[in-house]
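Chain letters run A, B, ... following the sequence lines, proteins first and then strands; every chain starts at 1. These numbers come from the heavy atoms of this one structure, side chains and all, not from hydrogens, waters or symmetry mates.
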4 protein chains.
Amino acid sequence: MHTIATRSAPGSKGQETAKRVRMAALKRFAGAGYAAVSMREIAADVGVRPGALYNHFPTKQDILKDLMLTHMADLLTAWDTARFPEAMDPLERFVRFHIRYHLERADEVFISYMELRNLEPDNFEIIEAERRRYEAILTSILHEGSAAGRYSVDDPKVATRAIIAMLTGIPTWYREGGHLGEHDVEDLYLTMVRKAVASETRNFQTETG
Amino acid sequence: MHTIATRSAPGSKGQETAKRVRMAALKRFAGAGYAAVSMREIAADVGVRPGALYNHFPTKQDILKDLMLTHMADLLTAWDTARFPEAMDPLERFVRFHIRYHLERADEVFISYMELRNLEPDNFEIIEAERRRYEAILTSILHEGSAAGRYSVDDPKVATRAIIAMLTGIPTWYREGGHLGEHDVEDLYLTMVRKAVASETRNFQTETG
Amino acid sequence: MHTIATRSAPGSKGQETAKRVRMAALKRFAGAGYAAVSMREIAADVGVRPGALYNHFPTKQDILKDLMLTHMADLLTAWDTARFPEAMDPLERFVRFHIRYHLERADEVFISYMELRNLEPDNFEIIEAERRRYEAILTSILHEGSAAGRYSVDDPKVATRAIIAMLTGIPTWYREGGHLGEHDVEDLYLTMVRKAVASETRNFQTETG
Amino acid sequence: MHTIATRSAPGSKGQETAKRVRMAALKRFAGAGYAAVSMREIAADVGVRPGALYNHFPTKQDILKDLMLTHMADLLTAWDTARFPEAMDPLERFVRFHIRYHLERADEVFISYMELRNLEPDNFEIIEAERRRYEAILTSILHEGSAAGRYSVDDPKVATRAIIAMLTGIPTWYREGGHLGEHDVEDLYLTMVRKAVASETRNFQTETG
DNA sequence: AATGAATGAGTGTTCATTCAT
DNA sequence: TATGAATGAACACTCATTCAT
């Protein structure tokens, strides 16, 4: 029996499986929480027996770590490579970027916030460091903008947390196809964020998007 | 025949145990998540054998339900009975109340947000209804304030979610004894919230507390 | 508050409860088997908390023992005091008595056969002795009838077991209100039993009842 | 590459274990009753940890179902493939077959009668249907024999139950090595059954065996 | 790279029973 | 005589993980 035509390149089957493990785990962890998901469930989703998962990840914890680490790296990379109109204010850039990215990758974001406590200390430290790097971006935008008089924030670190908490909450209620489009949400939140850090009253209504 | 104070009233021992079960479960659920906490751990905290828990709660799920239901009821009652200076703006009332209550009851708040998905559907519905009642308080403050021209919010429901997400995030980073007191935090957040929904520039810096 | 009028005579409440425990246990043991019935279920049927059962029976095993011992004693007493027409053949007496008694007390009979193995050795011995006494009645009827030439059985002990097994099986399929009345069943079985032990052909059709 | 005999084929170890689970469960269920047997006991008999049982049977109930289903199927197959002397009367065939089979497979027979009530409804229905098929064999022998004037039974269904109850009771008292051989028992019961359904007097003493 | 079978620890829950009240 | 609360052991079953094949 010939199987050449349908057989994938050497090694590719394993990578393919690993990818499907990641996807299945991501959905399950986001839906039920890390502790409530069993390796058996992930294996069943992937279409493989539980033992086979261990060819791809040494432990369940490593799947979580992989998902969270990858997510944080992707997030930072996405920020670094994001393209915006030249003229766009840095705060607007951040807000629009954050909302878009978090709506696109809702599951990854969700587990990155919810499953922190299920990370072993070492992994937790790594993720926390990444998160701090990400938050530092906004903090420095607020700091520099304040220094330049464009914004007025008393404590950029606190403001960072406030803004990120506000924006990160969006995927918990936003549903595609509702009466607000993603664009509307971006604009509404951008307006609130701008006003919250404003140094003076302007017309905060957003025109672009 | 007189029963002197030292003898505990019938049933009082059980109520005491139930209370300690609630407390232990609250701490554990908040710390590790509902799914990761075992009845054995709770029993050990309480100083009782696992089977004894079932004299007080029919299932583990019922402990969670009890904690969340009680929390939401207490939150709404606290709002209804909260006392503020006559002159205080409703939004300020809400912000200060919310921050104070959520810092005081950090564990209850935390599990009420984190463990929703571990509630069985019926219980979930009950809790969600309570949450909507609470959010409606802020929505109506924003709605009425907007109508009166005191605030300017395009979408009071979205603003409600934004503000509540922002405020509710506080206990995730705030630690007593840090360089900011609870009062400072209240003031910082109040300023941001006021500005976020402001219709015109005023002096947003808070003086009172 | 006066409770005299409704209070039953001293001791009678306990006896009443004990009786209800017996009845509840009988039904439950017959329906689900001794091992599958919990003291909690019995207590619930009686309308009392589990602990209260122990005021009436020292252990679950003792309830079973009580039911089985009482049943066997009642069975033997019933035989001893049963009244039949003078002219009735002893075998007919036994068959009719056995069927009637076993249809009347189906639950007791059932557990006495099914739950023997759940009796502790001492209790088992007592019950077994009673059963042997009961079977000896039929054996001696067959033995004497054979000696007198009225029946022809090669081995009265084996025949006893065969007949008793046959008769005792009735309650497993007989249902009141079916197309056969209790009387019909008696007659049908009596005919088969008579023929099975017959020494010659006669008209075995039963006329009386 | 040749795989020599000593290496067990893939999966054969599991089938072996499953078989031993069946055997252990059979003995235990027959001895103590389904409800009184724990998975731990079965596992210990098999020489395996409790969890390993679940690689072979999804639940304890499934072990019981497997045993009972297999037994009924085997019983019917055995009847269908049994070989008897050409001249042997159908009733004799049935009686001899039933006694032999039930003495050989005493445990299976015992649990098939005792544990019916521990079957979940669906499984119960399946087993009951098989039992009815088996009883129908005897009913039709009696029916046809009556029509042909060889036997005289008033109600073949009732007679079926009577005879089967009588025969099925044998393993409860018969012990190998007692003063009666299996052959003697067959003959004694055959005589009684023949007489019980006889239409006229013949020499019922069995000569063959 | 995957399977089938196993392990050893653990899960939530139930059990018969005890006992102070 | 009954209750409410507890115990200690057990229950059926699931878990993450291992490993020979």
Could you tell me the separation between the CZ atom of Phe57(D) and the P atom of dA12(F), rounded to a whole number of Å? 15 Å
Output the rounded distance in Å from NZ (Lys60(B)) to C1' (dG10(E)). 12 Å
Does a sphere of radius 6.0 Å around CE in Met114(C) hold more than 12 heavy atoms from other residues, nucleotides or ligands, not counting ones at 6.0 Å or beyond? yes
Can you give me the dot-bracket string for DNA chain E, 5' to 3', counting Watson-Crick and G-U wobble pairs with both distances under 3.5 Å, using [ ] for crossing pairs and | for partners on another strand? .||||||||||||||||||||
Just how far, in rounded Å, is P of dA2(F) from CD of Glu16(C)? 10 Å
What integer distance in Å separates Asn55(C):CG from dA20(E):P? 14 Å
For Arg40(D) and for Arg40(C), locate the closest nucleotide of DNA chain F by heavy-atom distance; then report the residue assigned to the nucleotide nearer the 5' terminus. Arg40(C)
Considering just the side-chain nitrogens and oxygens of His56(B), establish if one lies under 4.0 Å of OP1 or OP2 belonging to dG4(F). no
For a quick test of reading the model: is some side-chain N or O of Ser38(A) closer than 4.0 Å to OP1 or OP2 of dT14(F)? no
Of Pro58(C) and Gln61(B), the one whose nearest nucleotide on DNA chain E sits closer to the 5' end is Gln61(B)
Is the backbone N or O of Asn118(B) less than 3.5 Å from a side-chain atom of Gln61(B), with the two atoms forming a donor-acceptor pair by type? yes
Is the charged tip of Arg131(C) near the ring of Tyr113(C): under 6.0 Å from the six-membered ring centre and within 45° of its axis? yes
Do NZ/NE/NH1/NH2 and the carboxylate oxygens of Arg28(B) and Asp45(B) come within less than 4.0 Å? yes
Glu108(B) and side chain to side chain contact (heavy atoms under 4.5 Å, CB included): which single residue from Leu26(B), Thr70(B), Leu67(B) fits? Leu26(B)
Given atom CG of Asp62(A) and atom P of dT18(F), what is their separation to the nearest angstrom? 11 Å
Under 4.0 Å, heavy atoms only, any strand: does Val37(D) hit a base, just the sugar-phosphate, or nothing? sugar-phosphate
Are any of Thr17(D)'s side-chain N or O atoms less than 4.0 Å away from OP1 or OP2 of dA6(E)? yes
Please report the distance, rounded to the nearest Å, between CD in Glu41(D) and C1' in dA12(F). 13 Å
Taking NZ, NE, NH1 and NH2 as the nitrogens, is one of them in Asp122(A) or Lys65(A) under 4.0 Å from a carboxylate oxygen of the other? no
In this structure, are over 12 heavy atoms from other groups packed under 6.0 Å from Arg49(A) atom CZ? no
Hey, which of these two, Ala36(D) or Met39(A), hits DNA chain F nearer its 5' end, going by closest nucleotide? Ala36(D)
Please give, in whole Å, the distance from dT1(F) C1' to Leu53(C) CG? 12 Å
Please check: side-chain N/O of Lys60(D) versus main-chain N/O of Val37(D), any donor-acceptor pairing under 3.5 Å? yes
Ignoring backbone atoms, test whether Arg49(A) places a side-chain nitrogen or oxygen under 4.0 Å from the OP1 or OP2 oxygen of dG4(E). yes
With the side chain defined as heavy atoms from C-beta on, Ala52(D) is closest, among dA6(E), dT17(E), dT14(F), to dA6(E)
Out of dC13(F), dA16(F), dT7(F), which has the shortest distance to the side chain of Val48(B)? dT7(F)
Take atom CZ of Arg28(B) and atom C1' of dT11(E), then tell me their distance rounded to the nearest Å. 15 Å
